[in-house]
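Quick note: numbers below take in every heavy atom, side chains included, and nothing from hydrogens, waters or symmetry partners.
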2 protein chains.
Amino acid sequence: MSLPNILLGLIKEPKSGYDIKQTFEQVLHYFWNSDLAQIYPALKKLEQDGLATIQMAEPDKGPAKKLYKRTPKGTRQLRAWLQQGPQLNTERLHYLTQVFFLDEIPPAERIKFFTSLHQYFKQQLSELIEVEKNWRSQDSRYPDKLPDKDQATQFTLRLGLAKIKAIIDWCESCLQTLRNKHQQAN
Amino acid sequence: MSLPNILLGLIKEPKSGYDIKQTFEQVLHYFWNSDLAQIYPALKKLEQDGLATIQMAEPDKGPAKKLYKRTPKGTRQLRAWLQQGPQLNTERLHYLTQVFFLDEIPPAERIKFFTSLHQYFKQQLSELIEVEKNWRSQDSRYPDKLPDKDQATQFTLRLGLAKIKAIIDWCESCLQTLRNKHQQAN
DNA sequence: GGCCCCATGTAATGGGTTACATGATTGC
DNA sequence: GCAATCATGTAACCCATTACATGGGGCC
């Protein structure tokens, strides 16, 4: 039930399906992603339900675009979603289920597994740190005096940073535990 | 692709679909859940693919049970899944997408939203702390000298605790920011 | 008698991914 | 000429949720 509401959130200003996909990849991809094959039909349905209107645009370069914009009814629907409180679905952490069965492979492989996890999240962290650095240098209001929309975005960034840091610490502590045991065995 | 492998992991010792559902709810539910309607067909398929065998059990009380146990081929498949490295799918955090659009509702409602989040994760944390406390008091080997299987389980518990603590801190810092702004406006 | 727990399943629906199909423009 | 990017879509498939269906046993 989230995708239609996310789309409504994004089309406060007119946007095409392609534009929306860009936004997913550049901004939201740490906690959400959707493919074009899912976005196009979902936008069509919003229009059919009277939650969005279409406006054609013929840019100087490139093919024609369908720009979707939310209607007042769409805005009401978006607010209702937010006002009904946080949607707390059980997350599916594939890699954690793997950790749960990690005793099924030899100790050296377990270390490899955690090293790989560690690398991945280190990379994610450095990306987020970069995002924050740029934002800070480009907007003097960062972090305490941002306008509401930016503040909401910043909240998501703050959680991303905190969670990834926690995961990295966890990787390191697990690696330490695994290495201690591995050496004792030799 | 994870569910079949998770089931293989769980049926090292013979288990019924119903038993597995219990395990999900009691142990794995912080990072995975599956319904019986998904488990039964998935187990059937494992048997058809030669990854598990069925053995009937007629307990003294209650109806007959189908006990599934993994075959050597099943074990190989499980190990292959673990050895191919961590499966890092983009998580879908519904509540974070809501935070991203939180400026669409009035400040008082935003505070309500975060308060509700805060409560939920406080509850989750106290459950996990309880789990850890019981484990510590019932096994003198906790936390450093656990056998491999328990160590793997403990790794997942450690991440759960660390992540939930990070989320709670984040909730509190966002609430602080929101309250400051809210008061200035009055 | 009614409710909850044990135990197994199917059917319908919804959400998400991958593959396929089309066509214009930009840059090398 | 070829690859990449812009732009829109459909079809097939897989995964997950909800609803439906059945039946025995224990407890109040």
Side-chain angles (χ1 to χ4, degrees), chain A residues 1-8 10-11 14-26 28-29 31-49 52 54-68 81 87-94 97, chain B residues 1-8 10-11 14-26 28-29 31-49 52 54-68 81 87-94 97:
Chain A
M1 281 300 305
S2 289
L3 180 63
N5 291 305
I6 294 168
L7 295 178
L8 285 175
L10 293 173
I11 57 172
K15 277 200 182 69
S16 71
Y18 199 86
D19 295 337
I20 287 169
K21 177 64 181 159
Q22 307 290 96
T23 308
F24 276 132
E25 270 167 15
Q26 286 159 26
L28 296 166
H29 72 106
F31 52 93
W32 197 272
N33 209 0
S34 283
D35 207 80
L36 283 169
Q38 214 189 344
I39 294 169
Y40 287 127
L43 284 171
K44 200 177 199 177
K45 183 146 193 307
L46 289 181
E47 198 261 326
Q48 281 164 7
D49 295 349
I54 304 178
Q55 186 191 333
M56 294 303 291
E58 306 276 347
D60 297 340
K61 55 177 190 171
K65 297 171 89 166
K66 280 192 183 176
L67 301 179
Y68 290 82
W81 176 58
Q87 252 189 261
L88 299 156
N89 319 39
T90 23
E91 305 170 32
R92 272 163 223 274
L93 297 175
H94 297 249
T97 65
Chain B
M1 283 299 307
S2 290
L3 181 63
N5 291 306
I6 295 167
L7 295 178
L8 284 176
L10 293 173
I11 57 172
K15 277 200 183 66
S16 70
Y18 199 87
D19 294 338
I20 288 167
K21 177 62 183 162
Q22 308 289 96
T23 308
F24 276 130
E25 269 166 17
Q26 286 159 26
L28 296 165
H29 72 105
F31 51 94
W32 199 273
N33 210 359
S34 283
D35 207 81
L36 283 169
Q38 214 188 343
I39 294 169
Y40 287 128
L43 285 171
K44 202 178 199 175
K45 182 145 194 307
L46 290 181
E47 199 259 326
Q48 281 163 7
D49 295 349
I54 303 179
Q55 185 192 332
M56 294 303 292
E58 305 276 347
D60 297 340
K61 55 174 190 173
K65 295 171 90 163
K66 278 191 184 176
L67 300 180
Y68 289 83
W81 176 58
Q87 251 189 265
L88 299 156
N89 319 40
T90 24
E91 307 171 30
R92 270 162 224 275
L93 297 175
H94 297 250
T97 64

Which nucleotide, C:dG15, D:dA16, D:dT8, lies nearest any side-chain atom of A:L36? D:dT8
Gap between atoms CG and P, on B:N89 and D:dC14 respectively (whole Å): 17 Å
With respect to the phosphate group of D:dG9, does any side-chain polar atom (N or O) of A:K66 fall under 4.0 Å of OP1 or OP2? yes
Measure from the side chain of B:Y40, starting at C-beta and using heavy atoms only, and say which of C:dG15, C:dA7, D:dA16 lies closest. C:dA7
In terms of heavy-atom contacts, A:L3 and A:A42 come closest through CD2-CB, 4.1 Å
Between B:I39 (CD1) and D:dA16 (C1'), how many Å, whole number? 12 Å
Would you name the heavy atoms of B:G17 and B:Y40 that are closest together and state the gap between them? CA-CE2, 3.9 Å
Can you check the B:I20 CD1 to C:dG9 P distance for me, whole Å? 12 Å
Contact class for B:S34 vs. all strands (heavy atom < 4.0 Å): base, sugar-phosphate, or nothing? nothing
Residue A:Q38, side-chain heavy atoms: nucleotide from C:dG15, D:dC15, C:dT10 that is nearest: C:dG15
Round to the nearest Å and state the distance from A:F24 atom CZ to C:dG16 atom C1'. 12 Å
Nearest-Å distance for atom pair CG/C1', residues A:L3 and C:dT17: 13 Å
Shortest side-chain distance from A:Y18, nucleotide among D:dT8, D:dA16, C:dA7: D:dT8
Just N and O in the side chain of A:K45: are any of them under 4.0 Å from OP1 or OP2 of C:dG14? no
OP1 or OP2 of C:dG16 versus the side-chain N and O atoms of A:R92: is any pair under 4.0 Å? no
Candidates C:dA11, D:dA16, D:dG9 - which lies nearest the side chain of B:A37: C:dA11
In whole angstrom, what separates B:K65's NZ from C:dC6's C1'? 8 Å
Closest to the B:D35 side chain: D:dT18, D:dT10, D:dC15? D:dT18
Between C:dT17 (C1') and A:H94 (NE2): distance, integer Å: 12 Å
How close or far is atom P of C:dG16 from atom NZ of A:K21, stated in whole angstroms? 13 Å
Among C:dG16, C:dC6, C:dT10, the one nearest B:Q22 by side-chain distance: C:dC6
4.5 Å side-chain heavy-atom contact, B:Q87 and B:W81: yes
Between the main-chain N or O of A:S34 and the side-chain N or O of A:K21, is there a donor-acceptor pair closer than 3.5 Å? yes
Which atom pair, heavy atoms only, marks the closest approach of B:I11 to B:K15? CG2-CB, 4.1 Å
